[in-house]
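What follows is a single structure, written as structure tokens, with notes after it.
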Amino acid sequence: MSELALPVVEFAPDRWGNPAHATGLSPATKEALDALGVRPRSVAVAPEDVVLPGPAVPASARTALEAAVGAAYVSDEEMDRLRHTRGWSTPDILRMRAGDVADAPDLVVRPGSHDEVVRVLQVCSEAGVAVVPYSGGTSVVGGLAPEREGFAGVVALDLARLDAPVALDPVSRTATLQAGMRGLRAEELLQAEGFTLGHFPQSYEGASLGGYAAARSAGQSSAGYGRFDEMVVGLVLATPRGTLELGTAPKSASGPDLRQLVLGSEGVLGVITSLTVRVRPVPRERVFEGWRFPSFGAGLEAVRRLAQDGPLPTVLRLSDEAETAINLADPSGGPAPGEGGCLAITGYEGDPEDVAVRRGRATAVLQACGGEPLGLESGEAWRRGRFHGPYQRDPLLDAGAFVETLETVTFWSNVPRLKAAVTEAVQGALGEQGTPAIVLCHVSHVYETGASLYFTIACAQADDPLAQWAPAKAAANAAIRAAGAAISHHHGVGTDHRAPYAEEIGPLGVEVLRAVKATLDPAGILNPGVLVAR
Ligand SMILES: Cc1cc2nc3c(=O)[nH]c(=O)nc-3n(C[C@H](O)[C@H](O)[C@H](O)COP(=O)(O)OP(=O)(O)OC[C@H]3O[C@@H](n4cnc5c(N)ncnc54)[C@H](O)[C@@H]3O)c2cc1C
């Protein structure tokens with residue numbers, strides 16, 4: 001496989017994404033903020049003015065780490081440490097803006113090979129230094145903020161140097177890629193060979209393959225290409241005890257599938273250093289279009305019928321009335337505010353004949369459920385703006401709004417109840433504090449048996465926005481649990497969802513995970529407190 005040189009854009013520690021793509025707020029959003037009583041709040045501490053404590057890792061451990069990866073790849077430079085502090089949830093950003101860097105790693109270590117990763121894990125196990133596997137750093141669930149008590153320091157293990165293509169098997173349609181490779185670089189490399197992974201999460205500009213696998217990511221084209229965990233056919237895991245190589249065949253009956261133990265393990269069992277993923281030919285045709293439904297219920301019926309009886313588009317999403325009206329998640333597309341109804345996006349990729357047939361049959365289903373076609377331009381506008389949403393968060397925070405997202409998944413019969421319960425819980429908790437919130441929702445991923453709901457919450461920031469959000473997040477978690485849904489569909493568990501996740505899998509489930517961790521990571525250095533309590 002040939003290599004393509006791609007510029008990797010480094011994010012600032014406190015602002016999302018490529019600065020060249022930064023945007024302002026639309027008039028509709030500003031109007032909504034006014035209605036919510038949003039006013040500009042305190043000015044943030046600039047990253048350059050943040051004061052970090054000196055690195056805590058013992059000198060002997062640092063020397064051993066330098067011997068493992070080379071001195072040039074062990075950094076205690078302040079901006080480097082800041083860039084590896086936590087992830088990109090709104091509380092993460094607010095803490096960074098407030099100058100709270102209590103979770104900053106002491107060192108950033110950049111191994112250049114699988115063997116170097118194993119060596120680093122051994123050094124840190126011996127020295128009692130915690131290790132945070134770090135791919136793209138886009139976790140939004142506290143997956144990069146482990147507990148440091150009881151450790152001699154914290155190392156952020158940045159995997160960015162592990163970004164080489166290893167092999168392409170065009171006959172089997174698999175590609176083996178090192179796990180530190182950014183998603184966008186993987187896509188460019190594969191497309192140069194006529195293939196695509198088809199994985200496009202909204203964090204595409206920052207996230208990496210290892211993070212996709214470790215956090216069970218789902219991309220916007222999941223209806224057509226599947227979730228990332230469905231794409232993984234093999235992987236290599238570095239652990240303090242040595243190497244696990246998994247996936248000798250696409251499927252097997254050789255006992256339980258240990259790949260499934262690693263997928264979603266969020267860096268607590270080991271470090272994924274390479275992945276073999278299923279790839280598909282680059283589609284020859286792409287058609288995206290918008291639809292309007294008279295109500296969320298009517299749209300839900302349409303997307304369920306497509307998910308269950310087909311034909312399934314490659315992209316299938318449905319916004320509720322509030323999201324359609326505010327247009328917040330999709331500032332560049334969709335019907336104008338005030339026009340009402342619910343916007344759905346359908347996208348078809350594949351051979352032109354196949355696209356035409358699927359689209360024709362899907363159109364009949366959508367129309368039978370009351371859908372009104374909005375044309376190709378509204379679908380194209382969504383496609384063009386599909387990575388723009390996260391760029392709205394910084395100007396919203398600057399304007400004095402609080403904005404955060406959360407997601408969950410349940411069976412079709414439970415979707416309306418879950419949506420109502422989460423909306424009510426969040427609005428209740430924020431309303432009680434005198435900051436009424438708007439809660440927007442869309443169906444983001446569909447399956448034969450159920451769907452994922454993605455919520456965007458916005459309100460005026462209180463004096464202490466972290467204290468303001470905590471009860472609302474707890475209320476949302478409780479509502480998700482009470483409705484019998486999963487605490488996460490694709491963001492993962494991290495530290496933020498650890499308690500409800502423990503309830504979800506029960507005490508025996510937690511014990512199983514702890515036992516596996518104790519085997520692979522006896523010193524407990526990998527992401528302490530992430531996924532399961534110590
Ligand atoms: C603006 C924004 C939009 C997002 N949109 C989506 C979306 O559409 N779909 C979606 O699924 N997610 C989304 N996310 C969440 C996030 O991007 C995903 O969880 C993603 O999979 C994380 O990848 P990463 O490379 O950034 O991983 P990181 O954030 O670096 O790591 C995630 C977790 O996995 C661990 N880890 C990282 N690399 C490895 C490795 N090689 N081996 C073992 N453990 C490892 C880390 O320690 C951490 O606990 C979004 C996040 C943001 C900020």
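In listed order, ligands and their atoms are each counted from 1.
- For the atom pair CE (Met231) and OH (Tyr212), the distance works out to 9.5 Å, reported to the nearest 0.5 Å.
- Ligand 1 lies nowhere less than 4.0 angstrom from a heavy atom belonging to Gly87.
- Of the protein's non-hydrogen atoms, the one nearest atom 45 (C) of ligand 1 is Ala214 CB, 3.4 Å.
- Remark: ligand 1 and Trp88 share no N or O pair separated by less than 3.5 Å (distance only, no angle test).
- Not a single N or O atom of Arg393, backbone or side chain, sits closer than 3.5 Å to an N or O atom of ligand 1.
- Side-chain rings of His199 and Tyr225 stay apart, their centers remaining 6.0 Å or farther from each other.
- Ligand 1 has no N or O atom lying under 3.5 Å from any N or O atom of Val132, backbone or side chain.
- Nearest to atom 46 (C) of ligand 1 among the protein's heavy atoms is Pro133 O, 3.0 Å.
- Salt-bridge formation is detected for the pair Asp163/Arg185: a Lys NZ or Arg NE/NH1/NH2 atom is positioned less than 4.0 Å from an Asp or Glu carboxylate oxygen.
- Ser135 OG, 3.5 Å is the protein heavy atom nearest to atom 37 (C) of ligand 1.
- In this structure a side-chain-to-backbone donor-acceptor pair under 3.5 Å is present from Thr90 to Val403.
- Summary of contacts: the protein heavy atom closest to atom 21 (O) of ligand 1 is Gly211 O, 3.2 Å.
- Counting only heavy atoms, the protein gets under 4.0 Å from atom 43 (C) of ligand 1.
- His490 CD2, 3.3 Å is the protein heavy atom nearest to atom 10 (C) of ligand 1.
- In this structure, a donor-acceptor pair under 3.5 Å is absent between the side chains of Ser135 and Ser208.
- Among the atoms of Gly143, some N or O lies under 3.5 angstrom from an N or O of ligand 1.
- For His445 and His490, the gap between ring centers is short of 6.0 Å.
- Nearest protein heavy-atom contact of atom 13 (C) of ligand 1 is Ser203 OG, 3.7 Å.
- For atom 8 (O) of ligand 1, the closest non-hydrogen atom on the protein side is Gln202 N, 2.8 Å.
- With respect to the salt-bridge test (charged N to carboxylate O, under 4.0 angstrom), the residues Arg110 and Asp80 qualify.
- Of the candidates Val493, Leu162, Val140, Leu526, it is Val140 that places a heavy atom closest to atom 52 (C) of ligand 1.
- The pair Asp103-Arg86 counts as a salt bridge, with a side-chain nitrogen and a carboxylate oxygen less than 4.0 angstrom apart.
- Applying the salt bridge (charged side-chain N to carboxylate O under 4.0 Å, His left out) rule to Lys517 yields the partners Asp521; only residues at least two apart in sequence or on another chain are considered.
- Annotation: Asn527 places an N or O atom under 3.5 Å from an N or O atom of ligand 1; distance criterion only.
- Of the protein's non-hydrogen atoms, Ala215 CB, 3.7 Å is the one closest to atom 19 (O) of ligand 1.
- Using a 4.0 Å cut-off between a side-chain N of Lys or Arg and a carboxylate O of Asp or Glu, Asp92 and Arg97 do not qualify as a salt bridge.
- At a 4.0 Å cut-off, at least one heavy atom of Gly137 sits close enough to ligand 1 to count as contact.
- Considering backbone and side-chain N/O of Trp16, none are found under 3.5 Å from N/O of ligand 1.
- Considering both main-chain and side-chain atoms, Ile272 comes within under 3.5 Å of ligand 1 through a nitrogen or oxygen pair.
- The N/O atoms of Gly136, backbone and side chain alike, include one that comes under 3.5 Å of an N/O atom in ligand 1.
- Contact annotation for Thr138 and ligand 1: heavy atoms of both the backbone and the side chain come within less than 4.0 Å of the ligand.
- Residues Lys419 and Asp320 are paired through a salt bridge, judged by an N-O separation under 4.0 Å between the basic side chain and the carboxylate.
- A salt bridge links Glu380 with Arg383: the closest approach of a Lys/Arg side-chain nitrogen to an acidic carboxylate oxygen falls below 4.0 angstrom.
- At least one heavy atom of Gly270 lies less than 4.0 angstrom from ligand 1.
- In this structure, Glu147 pairs ionically with Arg498, as a charged nitrogen and a carboxylate oxygen lie closer than 4.0 Å.
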